[in-house]
Amino acid sequence: MHRRIIAPGALAAASVLLAIPASAASYSPGAPGIGDPYYPAYGNGGYDVSHYDVRLTYQPATDELEGTATILAKATQDLSRFDLDFLLDVSEVRVNGAKATFATSGQHELEVTPKSPLAKGTPVTVVVRYSGVPSTKSAYGFSTWHRTPDGAVAADEPESAWWWFPSNDHPLDKATYDVSVAVPDGTQAISNGTLQSTSSKLGWTRYNWRENKPQATYLATLALGRFDITTSTSEGGVPVVNAYSKDLGDNDGAARASVERTGELVDWLSGYFGPYPFSSAGGYVPNTTTGFALETQTRVYYSPRQFANGSNTSVVVHELAHQWYGDSVSLKGWKDIWLNEGFARYAQWLWSEHEGEGTTQELADYVYASHPADDAFWTVKPGDPGPDNQFDIAVYDRGALAVQALRNEIGDDAFFAVLKGWPQEHAYGNASVADFQAYAERVSGKSLTALFDTWLFQPSKPVAPTASVAKVSSVPPQPKSWKKIAATNDVHED
């Protein structure tokens, strides 16, 4: 899942543009990448998407998918051509009603040339008709389309959209979604947000889902199969939709005993992070062979393997914390991953304290003492770990240590004000580690440059952060919650 993609054609394309006379160069192609150094080929330049309408028909027996995606966007430059990130077979593209020419390039680029160039600021409606068997497609040697005995699942990070809808695939370009899927009667289709309606005709049932808040493309999910679906409302008034494959076997009970607590945990997290930011919550557990969980917006993806050793509310807390830290407030670039994982891990530490299984400070002391100074753990910089270490354990555990260090530095009153205020300050937007530091400094009234540099950007073990650690010459006792927390260490590993 640690992708590092190079776009060798970008420089060549730029040099060609320089050779075009100025009179002809007022319209130019959008960049084939959005500009993220971790993943240069991900996302695209030249336009900004506001809404995806994805209408699909899926046959689980053969994994055949047919679709029409309507993309509402605005040109952000004078565009002669633009790219979409996509892998399936395209039969037609229209731009503002007129047929466009299209071609594929690279590993996952769909190049679209509209009949007429698009002026900066112009509203753009793109319609893409497509079909294919997603499980036969791969890019860079991997696939994020997970076949199950009764269907399939689209869920992965930092990408999964390419296998089921064309998109501008980077968290910087968030949009609202309507996802409509027709499946044979007896099969269900689950996606993000709220189920608007269902209809049945001639042996097929269509499910219409809507996510009405901005959503990053990697957080869009699709689950196709036979599920037992439960619905409820949390005490705080949040609608909850959970789903479980009907063939989970021995993991079924533990999965339900964990995920069915979603409403309770959303309400509990709201006490720390502020009001829940979306119209629904929930999770689903399909019968996949993967080992990871993923914070797909409003409808968390859990692998059955997360519950192989019994119930685990800690992993549910982790993924639900992401609904604020990662989903509502999304990263500007993939280097800002600490804003997602450091805080989701710290939420598990807060839950441990709530459950009387180890305080946040005891967990911090244990993690700090468990890694000697020469451990490679300390060479990973959570504030900019690099694409190969984006999901390294240090981003989680050293990342949570940084959160505890911030708490100790600014005191509980300011710390909890930051924890709750940040998701509201940047709700439904994007932010960076630098933005967070500036916000924490504004709320606390303290300069935090040295603290952030020490805990997030130095490839070495910081000086003992607390007196309690300084007095301990060996690793302190393992907190009772540690094994449950450690069981979530593979949340982003296949």
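The structure displayed is predicted, hence computed values, not measured ones. Atoms considered below: every heavy atom in the structure, side chains included; atoms not considered: hydrogens, waters and symmetry mates. Numbers here are sequence positions counted from 1.
Taking every heavy atom of both residues into account, Pro277 and Tyr428 meet most closely at O-OH, 2.6 Å. Of all the heavy atoms in Thr262 and Leu320, the pair that sits closest is O-CD1, 3.8 Å. Closest heavy-atom contact between Phe307 and Val259: CZ-CG2, 3.9 Å. Leu222 and Trp164 make their closest contact through CD2-CE3, 3.7 Å (heavy atoms, listed as atom of the first residue, atom of the second, distance). Across every non-hydrogen atom of Leu363 and Gly358, the tightest pair is CD1-O, 4.1 Å. Between Asp85 and Ala41, the closest heavy-atom pair is OD1-O, 3.8 Å.
Checked against the 6.0 Å centroid threshold, Trp324 and Tyr276 count as a close aromatic pair. Ring centroid separation for the pair Phe436 and Phe343 comes in under the 6.0 Å cut-off. When ring centroids are compared, His354 and Tyr272 stay outside the 6.0 Å threshold. Checked against the 6.0 Å centroid threshold, Phe292 and Phe391 do not count as a close aromatic pair.
Distance alone, capped at 3.5 Å, places no donor-acceptor pair between the Trp338 side chain and the Gly383 backbone. Of the possible donor and acceptor atoms, none in the side chain of Tyr207 sits under 3.5 Å from a partner among the backbone N and O of Ser191. The main-chain N or O of Gly386 is never found under 3.5 Å from a side-chain atom of Lys381 such that the two would form a donor-acceptor pair. The backbone N or O of Gly356 lies less than 3.5 Å from no partner atom in the side chain of Lys480, so there is not a single donor-acceptor pair. A donor-acceptor pair under 3.5 Å links the side-chain atoms of Ser303 to the main chain of Thr290, judged by distance alone. Of the possible polar contacts, one joining the Thr296 side chain to the Arg299 backbone as a donor-acceptor pair under 3.5 Å is found. Side-chain atoms of Tyr346 do not come within 3.5 Å of backbone N or O of Gln404 as any donor-acceptor pair. Looking at His146, its side chain does come within 3.5 Å of a backbone N or O of Ala155 through a donor-acceptor pair. A donor-acceptor distance shorter than 3.5 angstrom exists from the side chain of Asn192 to the backbone of Gln297, with no hydrogens or angles considered. Glu319 contributes a side-chain N or O that, together with a main-chain N or O of Glu295, makes up a donor-acceptor pair within less than 3.5 Å.
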**OP:** Any chance you could lay out the side chain to side chain contact (heavy atoms under 4.5 Å, CB included) test for Trp162 and Thr217, step after step, and finish with the verdict?
**Re:** CA-CA 9 Å; Trp162 313 342; Thr217 43; over 6 Å; no
**OP:** Output, in order, the C-alpha distance, side-chain angles, deciding distance and verdict of side-chain hydrogen bond (donor to acceptor under 3.5 Å, both in side chains) for Glu260 and Tyr244.
**Re:** CA-CA 10 Å; Glu260 284 300 303; Tyr244 309 89; 2.5 Å; yes
**OP:** List the steps, then state whether side chain to side chain contact (heavy atoms under 4.5 Å, CB included) holds for Leu331 with Ile337.
**Re:** CA-CA 7 Å; Leu331 38 72; Ile337 191 67; 4.0 Å; yes
Subject >> Derivation of the salt bridge (charged side-chain N to carboxylate O under 4.0 Å, His left out) call for Lys484 and Glu355 >> reply: CA-CA 12 Å; Lys484 296 175 184 176; Glu355 293 288 273; over 6 Å; no
**OP:** Take Tyr218 and Asp156, measure what side chain to side chain contact (heavy atoms under 4.5 Å, CB included) needs, and give me the verdict at the end.
**Re:** CA-CA 7 Å; Tyr218 83 96; Asp156 222 315; over 6 Å; no
**OP:** Dump the intermediate steps for side chain to side chain contact (heavy atoms under 4.5 Å, CB included) on Tyr52 and Val179, then the final yes or no.
**Re:** CA-CA 8 Å; Tyr52 292 96; Val179 175; over 6 Å; no
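Taking the six-membered ring where tryptophan is involved, the planes of Tyr39 and Trp334 are perpendicular, since the angle between them exceeds 60° and thus also 30°. Ring pair His108/Tyr42 is perpendicular by interplanar angle, where above 60° counts as perpendicular and below 30° as parallel.
Rounding to the nearest 0.5 Å gives a distance of 11.0 Å between OG of Ser143 and NZ of Lys137. Here the CD atom belonging to Gln437 is positioned 9.0 Å from the CG atom belonging to Asp453, to the nearest 0.5 angstrom. Rounded to the nearest 0.5 Å, atoms CZ (Phe227) and CG (Asn242) are 12.0 Å apart. Asn212 CG to His51 NE2: the interatomic distance, rounded to the nearest 0.5 Å, is 10.5 Å. Atom-to-atom distance recorded for Leu401:CG and Leu406:CG is 12.5 Å, nearest 0.5 angstrom. Taken from CD in Gln107 to OH in Tyr140, the straight-line distance is 5.0 Å, to the nearest 0.5 Å.
No side-chain donor from either of Thr176 and Arg210 sits under 3.5 Å from a side-chain acceptor of the other. No hydrogens or angles considered: nothing links the side chains of Thr76 and Asp48 as a donor-acceptor pair under 3.5 Å. At a cut-off of 3.5 Å, with distance as the only test, a side-chain donor of His318 or Glu341 sits close to an acceptor on the other residue. Residues Ser279 and Thr194 have side chains that bring a donor and an acceptor to within less than 3.5 angstrom of each other. At a cut-off of 3.5 Å, with distance as the only test, no side-chain donor of Tyr301 or Glu157 sits close to an acceptor on the other residue. A donor atom on one side chain and an acceptor atom on the other are not found under 3.5 Å apart for Ser270 and Asp267. Residues Asp384 and Tyr38 bring a donor and an acceptor atom of their side chains to less than 3.5 Å of each other. At a cut-off of 3.5 Å, with distance as the only test, no side-chain donor of Asn312 or Gln306 sits close to an acceptor on the other residue. Between the side chains of Asp435 and His426, no donor N or O sits under 3.5 Å from an acceptor N or O. For the residue pair Gln215 / Asp327, no side-chain donor-acceptor distance below 3.5 Å is found, with atom types taken as modelled. For Thr488 and Arg345, the side-chain atoms include at least one donor-acceptor pair closer than 3.5 Å. Judged purely by distance below 3.5 Å, without hydrogens or angles, the side chains of Asp178 and Asn208 never pair a donor atom with an acceptor atom. Under 3.5 Å, the side chains of Thr221 and Tyr284 contain a donor-acceptor pair of N or O atoms.
Judged by the 6.0 Å distance and 45° axis criteria, Lys461 is not positioned over the aromatic ring of Phe377.
Side chains of Glu109 and Asn44 form a contact here, defined as non-hydrogen atoms less than 4.5 Å apart. Taking the side chain as every heavy atom from C-beta outward, Leu224 and Val181 approach each other to under 4.5 Å. Using a 4.5 Å cut-off on side-chain heavy atoms (C-beta onward), Ser245 and Val285 make no contact. Counting heavy atoms from C-beta on, the side chains of Tyr325 and Asn340 never come closer than 4.5 Å. Under the 4.5 Å side-chain criterion, counting only non-hydrogen atoms from C-beta, Glu211 is in contact with Phe278.
Within the structure, every pair that satisfies the salt bridge (charged side-chain N to carboxylate O under 4.0 Å, His left out) test and touches residues 235-255, not counting sequence neighbours, is listed here: Asp252-Arg256.
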